[in-house]
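Here's the structure we're looking at; comments come further down.
All values below were derived from every heavy atom in this structure, side-chain atoms included, with hydrogens, water molecules and symmetry-related copies excluded. Numbered from 1 within each chain, the chains take letters A, B, ... in sequence-line order.
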There are 2 protein chains.
Amino acid sequence: MPSDHPAAASTTDAPVRRRDLAVARSLDSARVRSEGRVQRFLDAGFELLASAESGKEFTVQEVVDRSGQSLRSFYQYFAGKHELLLALFDEAIRSTADRLVEHVARETTPFDRLHCFVIEYYKMCLPALNGHASKNNPTPVMAEFCHQLLTAHQAEASRAFVPLVTLLEKVLEESVATGVVRPGLEHEDAAGAILSTIMFNAAYAPTISGTSEPRDRDQGADQMWEFVSAGILAGSPT
Amino acid sequence: MPSDHPAAASTTDAPVRRRDLAVARSLDSARVRSEGRVQRFLDAGFELLASAESGKEFTVQEVVDRSGQSLRSFYQYFAGKHELLLALFDEAIRSTADRLVEHVARETTPFDRLHCFVIEYYKMCLPALNGHASKNNPTPVMAEFCHQLLTAHQAEASRAFVPLVTLLEKVLEESVATGVVRPGLEHEDAAGAILSTIMFNAAYAPTISGTSEPRDRDQGADQMWEFVSAGILAGSPT
DNA sequence: GCCCTAGGGAGAGTCCTGCTCTCATTTGGC
DNA sequence: GCCAAATGAGAGCAGGACTCTCCCTAGGGC
């Protein structure tokens with residue numbers, strides 16, 4: 001099944017894109033068409049996520065209609081709705097990681113890069129104000145699916161998160177090397193801990209607290225940074 | 001509407017229990033029977049959550065069968081599956097809060113209480129090793145539903161979390177008063193931030209990191225405390 | 001003890017949605 | 001131009017939430 005076509009031979013470090021997996025089902029010359037079709041499904045998916053009101057999942061039929069293709073084609077490229085969601089999730093995370101790379105690259109010191117990462121990632125995880133979404137700002141539906149993955153399909157979830165995790169690990173490593181972060185942060189789950197903290201705080205902390213008025217984005221981001229960087233204690237920790 | 005039945009009068013003085021709402025649909029003399037029926041549905045729900053393999057939701061029919069009652073009765077007491085889940089979620093959080101109260105009460109200083117809260121809550125949020133669950137250790141299914149609530153039904157989620165939030169706020173307040181925690185932690189979302197950090201770290205950090213082997217519970221809890229209390233920086237935060 | 005009504009059990013029926021299958025048509029390579 | 005593969009159109013199946021109807025039982029009033 002694995003094709004030797006360049007596009008299918010994924011780069012060493014990062015795992016295969018789900019999108020490419022779907023494309024790879026087709027043969028070589030037809031690849032362009034296939035990519036086009038797959039992409040149209042993905043686009044339709046993102047559009048539906050974007051326009052959906054809070055909490056409402058799209059149906060496969062909607063994706064099919066919107067993409068102007070047929071149910072049959074859909075199931076030719078995707079094993080099921082789950083795989084489409086997975087591909088969308090994949091893309092969303094990649095896109096997030098890419099944008100973070102850009103942001104972080106502008107900073108000069110390890111500390112600044114770490115700070116930048118936290119601030120910007122937080123902002124990206126903040127639910128969109130209008131309730132709408134884009135590839136860069138997935139809706140609640142995506143968040144929900146994220147959970148489904150994290151709980152019921154851990155392996156797939158891990159794979160999808162790789163781009164983000166490796167980026168943060170790199171940033172973190174630098175900081176550890178220069179002594180900016182405290183010792184004891186080298187354990188392998190540090191990156192996951194920080195990511196999940198930021199992500200879920202952005203998404204849910206206000207709801208859990210029962211705070212209704214949306215906080216100021218920048219203020220929230222600053223508080224996030226303080227929390228992540230300095231913790232909650234006043235003096236030296238016991 | 002609140003019943004004076006001992007079993008219904010539990011812990012915190014928070015909002016109305018979902019279960020009682022359901023019970024209240026019936027008249028007074030029939031209350032005992034009603035409570036019994038509702039409770040049987042709840043019990044069946046918990047049992048099914050406990051025995052379900054990862055990621056598989058129970059069906060209403062299963063709940064009905066297991067409780068030895070009829071579909072008709074189910075819809076007489078619950079407006080839908082959603083409401084049952086909500087009631088279960090409610091109970092689970094209450095139970096968690098109750099147990100935390102007990103734990104925290106054993107400690108003597110504000111600092112110890114804070115520390116105890118973080119450690120114990122973390123452990124409670126840890127997924128059960130065997131994949132099974134109880135009222136005190138909800139399964140992935142419950143976690144997933146938690147997300148559904150947090151995204152699509154924020155008001156209900158906020159209400160459900162009240163017992164936990166108020167408890168932590170109390171503990172936190174003490175610590176602020178005695179100067180144990182740094183200033184700036186009085187903002188109203190602090191409790192939510194800490195809760196979500198602990199909860200989701202326990203549940204997801206290893207998966208996001210791609211760590212497969214389960215960490216030692218106590219070690220994880222200690223790391224969690226360090227992270228929450230001391231943050232990640234080495235020296236004084238900028 | 002008897003009747004009468006409300007509550008509850010059994011289970012068929014509806015609707016929605018993910019998913020499969022068939023058949024006819026189109027499309028691209030030769 | 002021909003053939004095989006790809007695609008579209010749409011009927012059909014399965015499972016699960018929810019509704020409804022029919023009937024039985026139990027419990028209170030007499």
Expressed as a whole number of angstroms, how long is the span from [X]:[atom1] to [N]:[atom2]?
X	N	atom1	atom2	result
A:Arg40	D:dA6	CZ	C1'	13 Å
A:Gln76	D:dT7	CD	P	5 Å
A:Asp65	D:dG8	CG	C1'	12 Å
B:Gln69	C:dG7	CD	P	15 Å
B:Tyr75	C:dA12	OH	C1'	15 Å
A:Arg72	C:dT22	CZ	P	11 Å
A:Gln148	C:dG18	CD	C1'	13 Å
B:Phe78	D:dG16	CZ	C1'	18 Å

Geometric class of the A:Phe161/A:Phe89 ring pair [parallel <30°, tilted 30-60°, perpendicular >60°]: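 Ring orientation of A:Phe89 relative to A:Phe161: perpendicular.
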Can you confirm whether A:Lys81 sits close enough to A:Phe58 that some side-chain heavy atom of one is under 4.5 Å from a side-chain heavy atom of the other?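 The answer is yes; the side chains approach within 4.5 Å.
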With a 4.5 Å limit on heavy-atom distance, are the side chains of A:Phe145 and A:His82 in contact?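 Sidechains of A:His82 and A:Phe145: in contact.
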Tell me whether the side-chain N/O atoms of [X] come closer than 4.0 Å to OP1 or OP2 in [N].
X	N	answer
B:Gln61	D:dA17	no
B:Thr59	D:dA17	yes
A:Ser73	D:dG8	yes

What contact category does B:Phe58 fall into here, base, sugar-phosphate, or nothing, at under 4.0 angstrom with non-hydrogen atoms?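 The residue B:Phe58 makes sugar-phosphate contact but no base contact.
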Side chain of [X]: nearest nucleotide among [options]?
X	options	answer
B:Tyr77	C:dT20, C:dG8, D:dT7	C:dG8
B:Lys81	D:dG8, C:dG18, D:dA17	D:dA17
A:Leu71	C:dG8, D:dG16, C:dT20	C:dT20
B:Val60	D:dA17, D:dA9, C:dG9	D:dA17

Do A:Asp98 and A:Arg94 sit within salt-bridge range, that is, some charged N less than 4.0 Å from a carboxylate O?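 Looking at A:Arg94 together with A:Asp98, the answer is no, because their closest N to O distance does not fall below 4.0 Å.
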Could you pull out all donor-acceptor pairs under 3.5 Å where a side-chain atom in residues 190-199 of chain B meets a protein atom, sequence neighbours excluded?
unit_1   : atom_1 : unit_2   : atom_2 : d
B:Ser196 : OG     : A:Asn201 : OD1    : 3.4
B:Ser196 : OG     : B:Gly192 : O      : 3.3
B:Ser196 : OG     : B:Ala193 : O      : 3.2
B:Thr197 : OG1    : A:Asn201 : ND2    : 2.8
B:Thr197 : OG1    : B:Ala193 : O      : 2.7

